[in-house]
Protein chains: 2
Amino acid sequence: MIDVTIKDIAKKANVSYATVSRALNNKKGVRGETGRKIREIAGELNYRPNAIARGLVKKQTHSFGLIIPDITNPFFPEVARGIEDGAREAGYSIFLCNTNWEKNREIHYINLLAEKRVDGIIIAPISNKVEFLEKTLNSKIPVVYVSNAPHDTQNSYVVIDNIRGGFLATRHLIELGYNSIGFIGASNDSLTIDERLKGYKLAFKKYGMEVDESNIKLGDFKRETGYNLIKRMIEMSNYPRAVFAENDLLALGVIQGVKESGLSVPGDVAVVGFDDIPFASFPEVQLTTICQPKYEMGKKAVEIILETIEEGSGKWVCRKIILEPELIIRKSSH
Amino acid sequence: MIDVTIKDIAKKANVSYATVSRALNNKKGVRGETGRKIREIAGELNYRPNAIARGLVKKQTHSFGLIIPDITNPFFPEVARGIEDGAREAGYSIFLCNTNWEKNREIHYINLLAEKRVDGIIIAPISNKVEFLEKTLNSKIPVVYVSNAPHDTQNSYVVIDNIRGGFLATRHLIELGYNSIGFIGASNDSLTIDERLKGYKLAFKKYGMEVDESNIKLGDFKRETGYNLIKRMIEMSNYPRAVFAENDLLALGVIQGVKESGLSVPGDVAVVGFDDIPFASFPEVQLTTICQPKYEMGKKAVEIILETIEEGSGKWVCRKIILEPELIIRKSSH
DNA sequence: GTTTGCAATGCAAACGTTTACAATCTAAGC
DNA sequence: GCTTAGATTGTAAACGTTTGCATTGCAAAC
């Protein structure tokens, strides 16, 4: 009962195992009756093709890797779902790799996936330092960046226009009349933050306003961080009456911090986030935010990976897709 | 540059490839100098062992499958993170399979994982109908159920005491003085619901109260469902002033529905959830709920899988772990 | 009744490892 | 210097498939 192989079937059907292989893969050149018998026996024996063996000879595993920094941030599961759906439809499986925002874990996984001979890698990189990734993988395994990507990459990516997003969020607050606007984000070797901050500054410039660097506070991507940073900010004598947080999780932390300081949102401090995670729209929260098409982003990333794989090792497919962010105004700012 | 193998190294080092294999795996019986040279060459050539080939001969892939119904429900990412952490520490990778609550997708994935020859499967089953799963996998691939499990299974599981959880939630509401308490959950071939509902009824019994079946409304596990069901409930002339929702997502939907009906929580309707997802504790939400040790649950499940694998095909490891639920009282009920 | 051509099948190599066993080398013991 | 044991290395089989090529069988065409 342990692991029935193609040979077992061959023996029972009195044919060579090459014929069994052909029959089971519905290849031409096998008599109808023979095929039927073989399939029947395969069924009886509860045969399951060994994808490992097949992978070895066909040099493809029908699987790819998905590297994300934080499965706990609802943004990523949403993207992952898109990827998973697309992959399944095409007959691919995905290795889930959660880096927990640790660079060495990212590297670890890249090596691992390479050893597993995945057909492609979809990665939401932690930072814009991707030399290692690019060096080890380039021209060997197709890579698609998702969510954010180093701008000088040779690889495909599907991202959102983070500068535009940062700009939209900030402009929204400016137009509401705020002239002192805080920025709360993750540490600055992340590309995401780099660009969203750029958008933030762009808006200031466009309206002829000065950026006050002391209003920019950086940490990481966790909710607690938003909470801590806003508290520190509020201690400042002249704290900003509006805050743009780099993602919704941070924004939620900010809101919590504001409330706990005895202030109100948006009365005392207006808050805008980024991502539009499901909870942002929850009536209790009603967070103004920049919406990213998360599911579609994942779906698209898979499409590109598949396209690259199909293309064979021939020419290098390179799609650079930049999606439009959308400002969604809710009650945390008005 | 495309795929350097053990043979390339052997040629360059002037040794047989068996020696290379031994050297790279740090096996005894290879001279220090030889080993050093081989490793050096391997480094230069940027050699990456082919896990597929290795898997074929060693008959293990160092990967296992994780089947969950909904990666979008924050409960599961939390569990997944525990599993991922445990797996990585032990050198295993996980195939993520999201069934989207569809039974045939679950079956599809089970077959797929079997073909991929994963070393084990951790599954949060959709329903208590697992004959197929058990039939196809039993005694071939180690299985560990997580979150909930069929009680008559031969396999290991790590779950929470759902009956107890349902009981705690309901008792809490009873003790607050409510005598008409609604139950909102998923369709009834889910084990989870079966047990939590059992706990609900148990509490009624214990306090000598009658269960009013019209106060029990079933749908699925999505937030919208909670929203829709509570709205239907509120239309009833004598709707319950307290609701136990089978999970936090449903509970959030319930709260939304209550508010939109112009009623307040907990003033008009008290709400208790289940899971304690991160957002339940958010100050805007403050959902009373039954806490599950999600991360630990995942961690434990991996431990068991690993233990089973280590054990070899010798005896059948079977651990049945039932964790204690904990009632966390917040502002959605008091 | 040959030939021709094509469909059906079998044979064997290949994919990149690991590993049992055989062969060789080295150095210690006599 | 010869034996011998132990360490080092090589040979080849195995893992379960796919697939190019050779072989066979059979029917149609001559």
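Remember, it's a predicted structure, so these values are computed and weren't measured experimentally. The sequence lines fix the lettering, A, B, ..., with proteins before strands; numbering per chain opens at 1.
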Less than 4.0 angstrom from a charged side-chain N to a carboxylate O is my criterion; do [X] and [Y] meet it?
| X | Y | answer |
| --- | --- | --- |
| A:Arg81 | A:Glu84 | no |
| B:Lys103 | B:Glu106 | yes |
| B:Arg319 | B:Glu307 | yes |

A:Leu112, A:Asn111, A:Ile110, A:Asn104 screened by side-chain contact (heavy atoms from CB on, under 4.5 Å) with A:His108, the one that passes: A:Leu112
Touch class at under 4.0 angstrom, heavy-atom based, for B:Thr5 against every strand present: sugar-phosphate
Between D:dA14 (P) and A:Leu56 (CG): distance, integer Å: 17 Å
Spacing of A:Lys27 atom NZ relative to D:dT17 atom C1', expressed in whole Å: 11 Å
Base versus backbone protein contacts along nucleotides 4-13 of chain D [heavy-atom cut-off under 4.0 Å; B, S, -]: ----SBBBBB
Pairwise distance CZ(B:Phe221) to OG1(B:Thr192) - rounded to 0.5 angstrom: 5.0 Å
Distance flag, aromatic centroids of A:Phe95 and B:Phe95, threshold under 6.0 Å: yes
More than 12 heavy atoms of other groups within 6.0 Å of A:Lys116 NZ: yes
Residues which pass side-chain contact (heavy atoms from CB on, under 4.5 Å) with A:Arg54, listed by chain and number, not counting sequence neighbours: A:Asn25, A:Pro49, A:Lys58
Span of DNA chain C in contact with chain A (heavy atoms, under 4.0 Å): C:dA8 to C:dG16
Paired nucleotide for D:dT8 [Watson-Crick or G-U wobble; both distances under 3.5 Å]: C:dA23
